[in-house]
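Values reported hereafter were calculated over all heavy atoms of this structure, with side chains retained and with hydrogens, waters and symmetry mates removed. Along the sequence shown, residues carry numbers from 1.
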Amino acid sequence: MIHLPIRKTKRRAIALLKNSIIEKALVLIYHRVIDIENDPQQLSVSISNFEKQLISLKKQYRIISLQQLVSDLERGKVVNKSVAITFDDGYFDNNSYALPVLEKLQIPATFFISTNYIEQAVEFWWDKLESIILLNESLPSELELNVNNKRFVWRNCIEHKEQLYSDILAILKESPIAVIKRTLEQLLAWSGKEYHPRQNFKPLSQAEIIEMSKSSLFEIGSHTMSHCRLSNETIETQRDEIATSKIILEQLLNKKIQSFSYPFGSFKDYSDFTPGIVKNQGYNCGISNNQNSVTKNSDIYEIPRFLVRNWNSTEFEYNIKNMFRFGSE
């Protein structure tokens, strides 16, 4: 008789514990799936590691499309241990190397495209910066730049080109896209190098994007036109970047574009009013790069993601488990 209240108390405690468990999902962000030597920003996952990562996910978690996650959030819920996969920017290898693995394993994914780069014989601006500085063995010894009304001077550039690259990358990330373009042209003239875009850094073509969109597994989303840091731009430019990229993709694919991804994607990379623009332009979600898990309380226009690096299976499984520990609201 004296043990009955204890049992009741224990059952109540277990029930309360179960009710307090927060259902969590993850959105993972990839950029590239390719085997390359130079990757200063660590955006690439090798083809082998990518397949091993997906196999691991499929064994342990519920892999869903981004739109399924949005639908769950709209109903005020998240199914625990769900994972959605996304790609940013629109590199050619998304189609050449990532897509075959995804199709083989029947895993859905969303590909966010920066439309100004489609079909262009160019590199993304951060890759062009890498070409100009890191891949040049005969840089001038000194560099002076005036960017955003600030003067910067570097000396012994060839000996310290990794630091030079890092410094200028940080400066350009704080700059409007027009300043980035102008600065890159100045750097190219200063370098004395004849610039040739690298084939293994090229963007997706129109034909590749159209073909990808035909599969029920894959969704095409917008990533602005120029991949600008939206918080550096005026409200008018932000609206144009967000709206026009949607129009371009819808005309290309003849289907509605529902998902938008903020370039760079942390809280500092878009303005307080930017999610409202995304919503008003007819997208049903906005995807950030704020490192957190997704819960039923997550804002549909600021859905967090975690960045995936070139991890082997053991590293990947460990990091995914840690990602699910984030998010307590």
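- Under a cutoff of 6.0 Å and an axis angle of 45°, R32 and F201 form a cation-pi pair.
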Check step by step if ring pair (Phe, Tyr, Trp, His ring centres under 6.0 Å) holds for Y30 and F50. CA-CA 10 Å; Y30 290 88; F50 180 64; 5.2 Å; yes

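- A salt bridge is absent between E236 and R239: the closest approach of a Lys/Arg side-chain nitrogen to an acidic carboxylate oxygen does not fall below 4.0 angstrom.
- Screening Q53, Q60, K59 against S56 for a side-chain hydrogen bond (donor to acceptor under 3.5 Å, both in side chains) leaves a single residue, Q60.
- Under the 4.5 Å side-chain contact rule for hydrophobic residues, L252 and M225 do not share a cluster.
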Which is it for R182 and E185 under the salt bridge (Lys or Arg N to Asp or Glu O under 4.0 Å) test, yes or no, and what are the steps along the way? CA-CA 5 Å; R182 184 165 62 248; E185 291 308 310; over 6 Å; no

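- Taking the six-membered ring for Trp and thresholds of 30 and 60 degrees, Y117 and F124 have ring planes inclined between 30 and 60 degrees apart.
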Stepwise side-chain contact (heavy atoms from CB on, under 4.5 Å) check, F218 with E103: CA-CA 9 Å; F218 307 128; E103 287 184 323; 3.7 Å; yes

Check against salt bridge (Lys or Arg N to Asp or Glu O under 4.0 Å), K321 and E317: CA-CA 6 Å; K321 287 179 181 178; E317 290 175 9; 5.7 Å; no

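- With Y270 as the partner, the side-chain hydrogen bond (donor to acceptor under 3.5 Å, both in side chains) test is satisfied by one option alone out of Q238, E233, E302: E302.
- Between W154 and F152, the two ring planes are parallel [angle under 30°; tilted spans 30° to 60°].
- Taking the ring centroids of Y301 and Y283, they lie at or beyond the 6.0 Å cut-off.
- Residue K161 places its NZ atom among more than 12 non-hydrogen atoms of other residues, nucleotides or ligands, all under 6.0 Å distant.
- With a 6.0 Å cutoff to the six-membered ring centre and a 45° limit on the axis angle, K128 counts as a cation-pi contact of Y195.
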Can you check side-chain contact (heavy atoms from CB on, under 4.5 Å) on F112 and S259, steps first, answer last? CA-CA 8 Å; F112 291 106; S259 301; 3.6 Å; yes

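- Residues satisfying the side-chain contact (heavy atoms from CB on, under 4.5 Å) test with L253, not counting sequence neighbours, are I209, I210, S213, I220, K255, I257.
- Residue K193 is tested with I133, L135, I132 for a side-chain contact (heavy atoms from CB on, under 4.5 Å); the sole match is L135.
- Taking the charged nitrogens against the carboxylate oxygens, K296 and E23 have no contact shorter than 4.0 Å, which rules out a salt bridge.
- Taking the ring centre of F92 as origin, the terminal cationic atom of K202 falls inside the region bounded by 6.0 Å and 45° from the ring axis.
- Judged by a 6.0 Å distance limit and a 45° cone about the ring axis, K52 is not positioned over the six-membered ring of F316.
- Figure legend: cation-pi geometry between R229 and F264 absent, as NZ or CZ is not positioned both under 6.0 Å from the six-membered ring centre and within 45° of its axis.
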For E123 and R198, run salt bridge (Lys or Arg N to Asp or Glu O under 4.0 Å): C-alpha distance rounded to whole Å, both residues' side-chain angles, the deciding distance at 0.1 Å, then the answer. CA-CA 7 Å; E123 295 178 339; R198 294 167 289 177; 2.6 Å; yes

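- Counting non-hydrogen atoms of other residues, nucleotides and ligands closer than 6.0 Å to NZ of K81 gives a total of 12 or fewer.
- Connection of I113 to I29 is not established within any shared hydrophobic cluster, with ILVMFWY side chains joined at heavy-atom distances below 4.5 Å, either directly or through further cluster members.
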